Each structure stands twice: as structure tokens, then as C-alpha cells.
Amino acid sequence: MQKRQLGEQGLEVSSIGLGCMGMNGAYAGADEAESRATIRAAVDVGVNFFDTADVYGPFTNEQLVGEELSRIRDQVIIATKFGNETLPDGSSRINGRPDYIRGAVEGSLARLGIEVIDLYYQHRVDPAVPIEETVGAMAGLIAEGKVKYLGLSEASAATVRRAHAVHPISALQSEYSLWTRDPEGEILDTLRELGIGFVPYSPLGRGFLTGRFRSTDDIQDGDYRKTNPRFAPESLKRNLAIVQRVEEIAARHDCMAGQVALAWVLAQGTDVVPIPGTTRRNNLVINAAAVNVSLSADDLCNLSEMIAEIGVAGERMDVNGLSRIDR
């Protein structure tokens, strides 16, 4: 698999990464043995970029990822995140205080079983703490040899600019896909002006763009998508028109709908590295093969224009999730 560079500080990763949240996170049906096998399969097909966070599980996802990658630590890039502090009652709150960051990084290092985190993200921007203070503390972790590169997640263009002025930011991670285009315009323009890489999470629309979900009956109880507005019965029914268009292009290229959706994201720039999540080896292999799907200029234009033509039904997150997005 080819490599892409995130930022201008030398961070090089595989063109597609692996989002590991679902292995201990919000989606139902994960099997630990299969999840571990999926991580190993990712390495076998050339994926070297793995994404986790302390809040996934919480805490158990970092341990799983660390255990599976320990044998090849020098061959992989491990990204994790802090900032969604898990409280004793199981809830979470955004925390960007410098004193919290120090404890968070020590916890992540211990669970991952590593001496240094390759890419350390602030998971959500804390509106109560100036970004300069948070990034200043993160930069201190680099000076101490505990972190190599810094990242932000779901940050606005203005916040990214302020953060980058304190210490170079290598990557911004935000939701981005055919049906979630929020970063386009000001955010992506700012990233490219400053030389910051972009890491789209949920590039498959939380699995919807693969054609897997045709009705709410296809979503298991306990799955996060049960409460996601785009998967509500009426919204899902209307959004199927998007999948049908993607499937038409996939048929012309003799590939899968999800591969077309990923190929579209990859085509948005060589500074873009999507991290589709999966807990199954067969899906991992399909996703990784998207790097071999070459969409024509007409395909890319048609896919981009399709959303404006059809429209997307439902917000990308529920009210609580949207309230945590930096704007």
C-alpha cells in the first residue's frame, strides 16, 4: 500500500488507516477474537496506521490495540486521543486542562504498552480552556519524549489556526464522507494553508454507504446507529437514494459500493488519510482494496454533486454529539 504524509513534520502513514473504535465501542456485534485478527490482517495488507482513544471501551480499546501491535511496534503508527474524560458514573465530559492531560497520557501509554505515542489528538476541544493552554501542555509531552506528533479532532478552522501557532499540528481528524461534507471550504482550506494533514473518520458514513443497511431492522439493539438521526426510519428510507447512486458507479467499476465511497475520499487530496472502522477481516480487505479503485473525473464530479441534488436526511449526530463540536 502507498504512503501519505500527514503534516509537514515527517509523519508518514499508509493511505488508509484502521479505526478501532468499534472493537470496544459504540457498534454492536463485535467479537474480540475477530477484532484482534482484523488488526493482524490490516498489517498483512499494508495498513500501518491505527486509531484508538482512551474513551473507547472506555480504556479497553487501547489495551486491545496495544497488545496486538506490540510484536511489530516499530512498523506501525499508533494514534490515540484524550479529552473525553470518563467519569465514575460512566458518563464523559470534555476536559482540556493541562493537569488532566498529564494523567491521560500516562494512562494511555500504560494501556497501549508503549513508550511513546506516535500521534496524540485532543478528542474534542474544551470551550472552557484556551486552546493555547491545551496545546502548550501537549507540546510539553513531545519535549518529554512521550508523544511524537500532535493532532486535533472536530476543531474549527479558527481553533486549528490558534493551536498551530503554539506548536505545529500534524493532523485534524473530523467526520468526512460523501454524505458529511462539513470540513469542505474553510476548514480544509486552512489545513492546506498551514500544511496540516486531514484524517476523515466514518468515511463510509458509519457503514451506510456500503449498502449494508436497508432498514432499521438491519441495526442491532445497542448499536449507536439506533440513535443516530440519519438512521431513523424515515431518514434512512430517504438516504437510500444516495446508496443507490454509489452502487450504480460501483457496478460500472466492478467493485463494492464502500470502495467507491472510500475512493472518492482518497481522491480529495494526497493529504487525506481516511480511517474506516471495521471489526471483521473480510471488510478490512475490501476497504484496503479501495486504493486500487480509480474513479474518473466524471465519477468524482457526479458523486460530489449527488448530495446537493438528493440531499441528506437527518443530522450527522444527535444533539449531545453536535453540542461537543467546536464551531
Side-chain angles (χ1 to χ4, degrees), residues 1-4 12-81 108-114 117-119 173 177 199-213 218-225 255-259 261-263 265-266 273-293:
M1 181 177 291
Q2 293 183 343
K3 301 288 183 64
R4 292 187 171 189
E12 190 177 68
V13 299
S14 51
S15 297
I16 289 180
L18 176 61
C20 299
M21 181 187 76
M23 298 175 181
N24 303 94
Y27 303 123
D31 174 82
E32 182 173 326
E34 179 63 17
S35 292
R36 290 177 180 273
T38 299
I39 292 174
R40 295 192 294 271
V43 175
D44 292 340
V45 299
V47 172
N48 79 339
F49 186 33
F50 296 85
D51 184 90
T52 182
D54 56 6
V55 76
Y56 299 162
F59 308 127
T60 52
N61 193 249
E62 286 182 320
Q63 183 175 352
L64 184 152
V65 169
E67 288 172 354
E68 287 306 316
L69 296 178
S70 62
R71 62 188 174 86
I72 51 166
R73 175 65 186 103
D74 61 340
Q75 301 175 37
V76 296
I77 302 297
I78 298 176
T80 192
K81 314 177 198 74
S108 289
L109 287 168
R111 288 185 291 272
L112 288 164
I114 59 180
I117 294 166
D118 297 305
L119 177 58
Q173 181 181 133
S177 67
V199 179
Y201 72 83
S202 295
L204 293 173
R206 305 185 189 278
F208 186 78
L209 297 173
T210 67
R212 172 185 169 192
F213 301 99
D218 296 326
I219 306 173
Q220 296 184 45
D221 291 338
D223 191 303
Y224 161 81
R225 285 167 286 219
C255 67
M256 310 289 284
Q259 292 175 322
L262 282 174
V265 173
L266 287 164
V273 179
I275 49 167
T278 185
T279 62
R280 292 178 172 80
R281 282 169 285 181
N282 61 324
N283 292 338
L284 180 282
V285 172
I286 290 170
N287 292 344
V291 298
N292 299 317
V293 176

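Values in this document were obtained by computation on a predicted structure and should not be read as measured data.
- Here CZ of Phe50 is found 6.5 Å from SG of Cys20. Values are rounded to the nearest 0.5 Å.
- Between Arg212 and Asp218, every side-chain heavy-atom pair lies at or beyond the 4.5 Å cut-off.
- Ile117 contributes atom CD1, which lies 12.5 Å from atom CD1 of Ile77 (distance to the nearest 0.5 angstrom).
- With rounding to the nearest 0.5 Å, the separation of OG1 in Thr38 from CD in Glu32 is 12.0 Å.
- Within the model, atoms OG of Ser14 and CD of Gln2 stand 11.5 Å from one another, a figure rounded to the nearest 0.5 Å.
- Across all their heavy atoms, Asn287 and Pro276 have their closest contact at ND2-CB, 3.9 Å.
- Atom-to-atom distance recorded for Asp54:CG and Thr80:OG1 is 6.0 Å, nearest 0.5 angstrom.
- Of all heavy-atom pairs between Ala30 and Gly22, the closest is CB-O, 3.4 Å.
- No side-chain heavy atom of Met1 sits less than 4.5 Å from a side-chain heavy atom of Asn48.
- Counting only heavy atoms from C-beta outward, the side chains of Val55 and Asn61 never approach each other to under 4.5 Å.
- Checking side-chain atoms of Thr279 against main-chain N and O of Met23 turns up no donor-acceptor pair under 3.5 Å.
- Residues meeting the side chain to side chain donor-acceptor pair (under 3.5 Å) test with Glu12, sequence neighbours left out: none.
- Here the side chains of Ile275 and Ile16 are not in contact, with every heavy-atom distance at 4.5 Å or above.
- Contact of the Leu209 side chain with the Ser177 side chain is registered, since non-hydrogen atoms from C-beta on lie closer than 4.5 Å.
- Sorted by first and then second residue, the pairs that involve residues 71-81 and meet salt bridge (charged side-chain N to carboxylate O under 4.0 Å, His left out), not counting sequence neighbours, are Asp51-Lys81, Arg73-Asp118.
- Within the 4.5 Å cutoff, no side-chain heavy atoms of Thr52 are placed close to those of Gln63.
- For the residue pair Leu69 and Ile39, the shortest heavy atom distance occurs at CD2-CG2, 3.7 Å.
- Between Glu67 and Arg36, some side-chain heavy-atom pair lies under the 4.5 Å cut-off.
- In this view, Phe213 and Phe231 satisfy the ring-ring contact (aromatic ring centres under 6.0 Å, His included) rule, not counting sequence neighbours.
- Atom-to-atom distance recorded for Leu204:CG and Gln259:CD is 10.0 Å, nearest 0.5 angstrom.
- Side-chain atoms of Glu62 and Ser108 include a donor-acceptor pair closer than 3.5 Å.
- What you find for Ala290 and Ala263 is that their closest heavy atoms are O-CB, 4.1 Å.
- Although no hydrogens or angles enter the test, the distance criterion places no donor-acceptor pair under 3.5 Å between the side chain of Gln173 and the main chain of Tyr201.
- In this structure, the side chain of Arg281 does not engage the main chain of Ser35 through any donor-acceptor pair within 3.5 Å.
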(request) Determine, stepwise, if the pair Phe208 / Arg225 fulfils side-chain contact (heavy atoms from CB on, under 4.5 Å). (result) CA-CA 10 Å; Phe208 186 78; Arg225 285 167 286 219; over 6 Å; no

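- Listed here is the closest heavy atom pair of Pro274 and Val265: CB-CG1, 3.9 Å.
- Using a 4.5 Å heavy-atom threshold, the side chains of Val45 and Val47 count as touching.
- Salt bridge annotation for Glu34-Arg280: absent, with no cationic side-chain nitrogen under 4.0 angstrom from a carboxylate oxygen.
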